[in-house]
Amino acid sequence: MKQSHYALLGVAEDADYETIRGAYHAKMRSSHPDVASSSTDHAYQLNAAYSILSNREKRKHYDRELASERTRTRVVIPNTQGRRTQRHDGPVNTAERIYERPPTIVWLVLLAIFLNLVLLVGIYLNGGFE
């Protein structure tokens, strides 16, 4: 998970506009590209964070995204003995992963094969192959 805009500015998530503004200006004083030539990316990140947190609508949307990201479950698969391991919690078949069940065409093909076999057995038993 990447660093939140609140953590980047060093403010609490319930901080008011003035606190966010003050933190932004304090961080930009030390991270501005004219002052610190190596922190251009950091200045861009600070600008992005401030543009979202200073706008009421963008901040509400960001807070919702942040809350949903925190509630998502994550499965961490450890690397064992230098080998990469993968765990499949669901279906392994590609069609089942996409459609959550075998696609209808598979059932239609199987039905067609079965009906052809029944037809051929019926013809054979009636003496039709002479």
Side-chain angles (χ1 to χ4, degrees):
M1 188 169 119
K2 66 180 185 175
Q3 186 178 22
S4 74
H5 294 322
Y6 295 105
L8 184 65
L9 291 176
V11 297
E13 291 186 14
D14 60 349
D16 62 343
Y17 172 74
E18 291 302 320
T19 306
I20 291 172
R21 185 174 176 268
Y24 168 73
H25 286 292
K27 294 269 186 177
M28 278 304 285
R29 278 188 212 105
S30 62
S31 300
H32 195 274
D34 292 341
V35 177
S37 61
S38 64
S39 64
T40 304
D41 289 339
H42 190 66
Y44 285 128
Q45 292 172 353
L46 288 172
N47 282 332
Y50 182 69
S51 71
I52 290 174
L53 297 181
S54 64
N55 185 321
R56 186 171 292 156
E57 292 301 316
K58 288 181 182 179
R59 184 175 178 180
K60 284 181 187 177
H61 182 69
Y62 177 73
D63 286 343
R64 275 186 258 130
E65 284 182 0
L66 196 60
S68 69
E69 186 175 324
R70 287 180 179 156
T71 59
R72 285 189 210 133
T73 57
R74 291 184 178 85
V75 177
V76 177
I77 303 169
N79 194 358
T80 57
Q81 298 176 355
R83 294 180 311 219
R84 294 183 69 83
T85 58
Q86 294 181 350
R87 188 175 89 194
H88 296 284
D89 290 333
V92 179
N93 184 353
T94 304
E96 289 182 16
R97 273 190 276 146
I98 295 171
Y99 300 105
E100 296 180 4
R101 61 183 178 82
T104 308
I105 190 71
V106 172
W107 294 116
L108 291 175
V109 169
L110 290 174
L111 180 64
I113 292 170
F114 176 75
L115 290 176
N116 280 325
L117 286 174
V118 168
L119 183 66
L120 290 173
V121 168
I123 292 172
Y124 179 76
L125 291 176
N126 284 331
F129 291 114
E130 292 179 357

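Model, not experiment: these values are computed from the prediction.
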What pairs with [X] under side-chain contact (heavy atoms from CB on, under 4.5 Å), at least two apart in sequence or on another chain?
X	result
N116	none
E65	H61
A26	R29
S51	none

Straight-line distance of H5 NE2 to L46 CG, nearest 0.5 Å: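 Here the interatomic distance stands at 10.5 Å.
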Return the set of residues passing side chain to side chain donor-acceptor pair (under 3.5 Å) with D14 (not counting sequence neighbours), or none when no residue passes.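 Per chain and number, D14 pairs via side chain to side chain donor-acceptor pair (under 3.5 Å) with no residue.
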Are L110 and V118 grouped together when hydrophobic residues (ILVMFWY) are joined by side-chain heavy atoms under 4.5 angstrom apart?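 Different clusters: L110 never reaches V118 through Ile, Leu, Val, Met, Phe, Trp or Tyr contacts under 4.5 Å.
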L117 reachable from W107 in the ILVMFWY side-chain graph, under 4.5 Å edges: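 Yes.
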Angle class for the Y24/Y50 ring planes (parallel below 30°, perpendicular above 60°, tilted otherwise)?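 Ring orientation of Y24 relative to Y50: parallel.
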Work out which heavy atom in [X] is nearest to a heavy atom in [Y]; give both atom names and the distance.
X	Y	result
N47	M28	OD1-CE, 4.0 Å
K27	L9	CE-O, 3.5 Å
R59	L53	CD-O, 3.6 Å
I52	K58	O-CB, 3.6 Å

Salt bridge (charged side-chain N to carboxylate O under 4.0 Å, His left out): which pairs involve residues 42-56, sequence neighbours left out?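 Every candidate salt bridge (charged side-chain N to carboxylate O under 4.0 Å, His left out) pair involving residues 42-56 fails, so no pair, neighbours aside, qualifies.
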When you look at S54 and I20, which way does the side chain to side chain contact (heavy atoms under 4.5 Å, CB included) test go after all the steps? CA-CA 7 Å; S54 64; I20 291 172; 5.5 Å; no
Have Y17 and N55 got a donor and an acceptor in their side chains that come within less than 3.5 Å?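 No, no side-chain donor-acceptor pair sits under 3.5 Å.
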